[in-house]
Amino acid sequence: MYRIVRKQVLAPTITRFEIEAPFIAKKRKAGNFVMIRVENHGERIPLTIADGDPARGTITLIVQAIGKTTKLLCSKEQGEEVLDVVGPLGNPTPIEHIGHVVCVGGGVGTAELYPIAKALCDAGNTVSTIIGARSHDLVILEHEMRAIPSTTYVTTDDGSYGRRGFVTDQLKDILDSGNPVGAVFAIGPLPMMKAVSDLTRSYKVHTLVSLNTIMVDGTGMCGGCRVTIGGEMKFACVDGPEFDGHKVDFTELMMRNRTYVDMERIADERYRCQLAGLTQENVQ
Amino acid sequence: MSSANPLKPSERMKIPRQEPIEQAAAERMTNFLEVSFGFDDERSVIEAKRCLDCKQPLCIDGCPVGIDIPAFIGLVLKKDYVGAVNKIREANYLPAICGRVCPQESQCEELCVLGKKLTPVAIGKLERFVADFEMQQNLFTPPVIAEHREEKVAIVGSGPAGLTCAAELARKGYQVTIFEALHAVGGVLRYGIPEFRLPKEILDIETERIKALGVQIYLNFVIGRTATIDELFGEWGFKAIFLATGAGTPTFLGIPGENLSGVYSANEFLTRVNLMGAYRFPDFDTPIRIGKTVAVIGGGNTAMDAVRTAKRLGAEHAYLIYRRSRSEMPARQEEIHHAEQEGIELLLLTNPTRILADNNNWVCGIECQRMELGEPDDSGRRRPVPVKGSEFVVEIQTLVEAIGQKPNPIIQSTTPGLDTSKRGTVVTNEQQATSRPGIFAGGDLSRGGATVILAMRDGKQAAAAIHDYLEKT
Ligand SMILES: Cc1cc2nc3c(=O)[nH]c(=O)nc-3n(C[C@H](O)[C@H](O)[C@H](O)COP(=O)(O)OP(=O)(O)OC[C@H]3O[C@@H](n4cnc5c(N)ncnc54)[C@H](O)[C@@H]3O)c2cc1C
Ligand code: SF4
Ligand code: FES
């Protein structure tokens, strides 16, 4: 069992957890993820490790409540436990001295990007960050990003904060600004990473994206996470999760990720009914 | 020895081989309960009477761990079932499992002299009966651990190889720790072999018994990631390590369309169902997708398990597509027989060439070509060659590829000095020692895909070798 030592709500649906996992805390590097199972009968889902403290033996996970499993996790309180946490999995992000790099985070992807941006800065790079969100209340980690330090831009779809528009609008301005960009790191929803990759392709700027695929084990034994990279079959959990964005077959991946949408809805619906049932019982 | 059998050999040979009690095909196709209930005590005693108690029993040579078969059968005859299971346990720590999943027809029972003219003694079913009897009656007595030894030994992987090695070393008094990547113990016994062939309760009981020997188990611990082999030797203080990580990485045919939605590796398909409980969705959260028509590619136990699982999950048609002919299928005979009873449709001498997609990138068909048997290949089996112009399409909505697995490279790639073969297996000598002193390996990791009992044999051999190694250092 893995105890939650701290819980903090970052945005209406986004929660930050510090979880006791001493072995993982010691080994984890930027770009690694864990597989977690919240309770018995539960699914195994991948979550990127946003941070870690080897001295306290904790790892930080930032979770957006979207489906049954993430909602269940977000309902857990400080002091409660998560059933299974395994990792650190996946290859760490290659951190090199490149020069000027742009880190683009969309939604909760910003959380996954944060340790990478920090590591890139520590490696001597000049870091620009673009944080994209639907609206102001979903903008996370802005202060942390600025404190790295990095030049930080915020875009919101509805213009409620920062620049109105998409991360690609801001990225295009940076690419056009004459300040050469050595590499782009993009993490967020697939359509966003695809848009970033399409943009940087014409500028011939190397772009690394982190693929969120269907996963069961996260260790290379199921092949459920397979993606097509430059025409070759790769397993995201062991060959990735980061790949050259210019080589990723995003269309195929987006289709594959829809395999279980209806069943995920059933699970989610049932969970909500269970919650409703519970509160009713409490009232009685 | 056991001259408890009053019958003359000629009389013994007149007794027909006993048939196991089984769930009817029509009924079992709708559930995941065990297909075979094996023998009851009456059948067991009758079956035991058939054994000729040969002076030079060949069956023992056919058993990879060398169980004293005639001796345990003699005890069954005396109705000393606990004595019988303890006799088996001298050589084999997981009898309830082996009695169910061993390919007896190509091991002990193949060599049984009765099989030459008649049918062999049902050794596997007898083994299973005594093991089940002991479990049901709660008559297990843990072995006495003779002496305490300080040395710590790490076992990586909790499949049959790892469990066996752990049990052997713990019985010798060593301090044994198993590291398992998944959240449950058992390896293929847990995530691969379905409930209808091996109830997980049996695996749980066997696991508890191994824990009772003082074996510590760390779940959710991926060696090579959570800690490396060199850290196990260093800060963790282990003196020897047995690698038993199996052959868990699925391989794919390499034909067009394999990344379509609705295409599974057998590993993913079976893991969702067995480890994650997808057959009980939505009581369990992990989903699985079953079309009206499902095809499984392959001819081994994995393919059989996948196709029979698909049928149980509601597929109206479940096809097994295999390149060669029926007699060359590597699966256990009993499983092929059961599959046919359950209405699995075999497409033999059939080779898949292309997977077809609908507009949403979902699999909607598989193109195959017919094969005919040509000249024998290296393995002595006649090589299947395609028949020109014989392409045809089977409409399907789910496809499972069960064409083989290879070892997961995580440990090999993070452990300097560990020799591997071209196939990705870890190289060992006959004592299961690897190229690095103190590191031993066995089971599917060193053999490629093999069997439960061979994995156990390696686990036993490695335990003996580790004991020697630690005595010397
Ligand atoms: C579906 C299926 C059906 C089968 N049916 C039969 C049958 O009927 N009869 C038969 O004899 N054989 C059968 N086999 C083959 C048999 O199951 C295997 O040969 C046997 O399980 C191999 O045992 P093992 O201990 O070497 O490895 P496995 O059983 O594969 O166990 C390896 C374990 O190591 C763990 N592991 C892997 N990497 C790491 C790591 N880095 N750190 C920690 N842990 C790790 C894995 O999670 C796993 O639990 C079947 C195989 C399959 C897939
Ligand atoms: S070979 Fe057959 S008949 Fe002979 S001892 Fe073994 S089981 Fe009995
Ligand atoms: S998640 Fe199973 S192989 Fe990648």
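Protein chains get the first letters and strands the later ones, always in sequence-line order, with residue 1 at the start of each.
- Minimum heavy-atom separation, A:A123 to A:I95: CB-CG2, 3.6 Å.
- A:D217 and A:T219 share a side-chain donor-acceptor pair at under 3.5 Å.
- The contact between B:F221 and chain A is made by backbone and side chain atoms together, counting heavy-atom distances below 4.5 Å.
- A side-chain hydrogen bond (donor to acceptor under 3.5 Å, both in side chains) with A:E18 is found for one member of A:K7, A:R3, A:R56 and no other, namely A:R56.
- With respect to B:R272 and B:E268, a salt bridge is recorded, a charged nitrogen being found less than 4.0 Å from a carboxylate O.
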After noting the C-alpha distance and the side-chain angles of A:D262 and B:R289, does the key distance pass the salt bridge (charged side-chain N to carboxylate O under 4.0 Å, His left out) rule? CA-CA 11 Å; A:D262 54 334; B:R289 187 59 82 177; 2.5 Å; yes
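- Between chain B and the residues A:A21, A:G87, A:G218, the most heavy-atom pairs under 4.5 angstrom are made by A:G87.
- Looking at A:V34, neither its backbone nor its side chain comes within 4.5 Å of chain B, counting heavy atoms on both sides.
- Taking A:M35, A:K68, A:R44 one by one and counting their heavy-atom pairs under 4.5 Å with chain B, the maximum is reached by A:R44.
- Looking at B:T249, both its backbone and its side chain come within 4.5 Å of chain A, counting heavy atoms on both sides.
- Electrostatic pairing of B:E195 and B:R312 does not count as a salt bridge here, judged by no charged N lying under 4.0 Å from a carboxylate O.
- Using a 4.0 Å cut-off between a side-chain N of Lys or Arg and a carboxylate O of Asp or Glu, B:E395 and B:K292 do not qualify as a salt bridge.
- The pair A:K194-A:D198 meets the salt-bridge criterion, since a charged nitrogen lies less than 4.0 angstrom from a carboxylate oxygen.
- With respect to chain A, the highest number of heavy-atom pairs below 4.5 Å among B:N267, B:N259, B:T286 belongs to B:N259.
- Most heavy-atom pairs under 4.5 Å with chain A, from the set B:V222, B:L275, B:T271, B:D283: that is B:D283.
- Applying a 4.5 Å heavy-atom cutoff, the residues of residues 396-413 of chain B that approach chain A are B:N408, B:I410.
- No other option in B:P250, B:S265, B:G254 has as many heavy-atom pairs under 4.5 Å with chain A as B:P250.
- A salt bridge is absent between B:E180 and B:R190: the closest approach of a Lys/Arg side-chain nitrogen to an acidic carboxylate oxygen does not fall below 4.0 angstrom.
- B:L270 does not touch chain A: none of its heavy atoms, backbone or side chain, sits under 4.5 Å away.
- Note on A:D53 versus A:R28: no salt bridge recorded, every NZ/NE/NH1/NH2 to OD/OE distance being 4.0 Å or above.
- Proximity to chain B is limited to the side chain of A:R270, based on heavy atoms less than 4.5 angstrom apart.
- The contact between A:I214 and chain B is made entirely by side chain atoms (from C-beta outward), counting heavy-atom distances below 4.5 Å.
- With a threshold of 4.5 angstrom between heavy atoms, A:F235 approaches chain B through side-chain atoms but not through N, CA, C or O.
- In this structure, A:R16 does not pair ionically with A:D51, as no charged nitrogen and carboxylate oxygen lie closer than 4.0 Å.
- Here A:L61 contributes atom CG and A:E112 contributes atom CD; the two are 10.5 Å apart, rounded to the nearest 0.5 Å.
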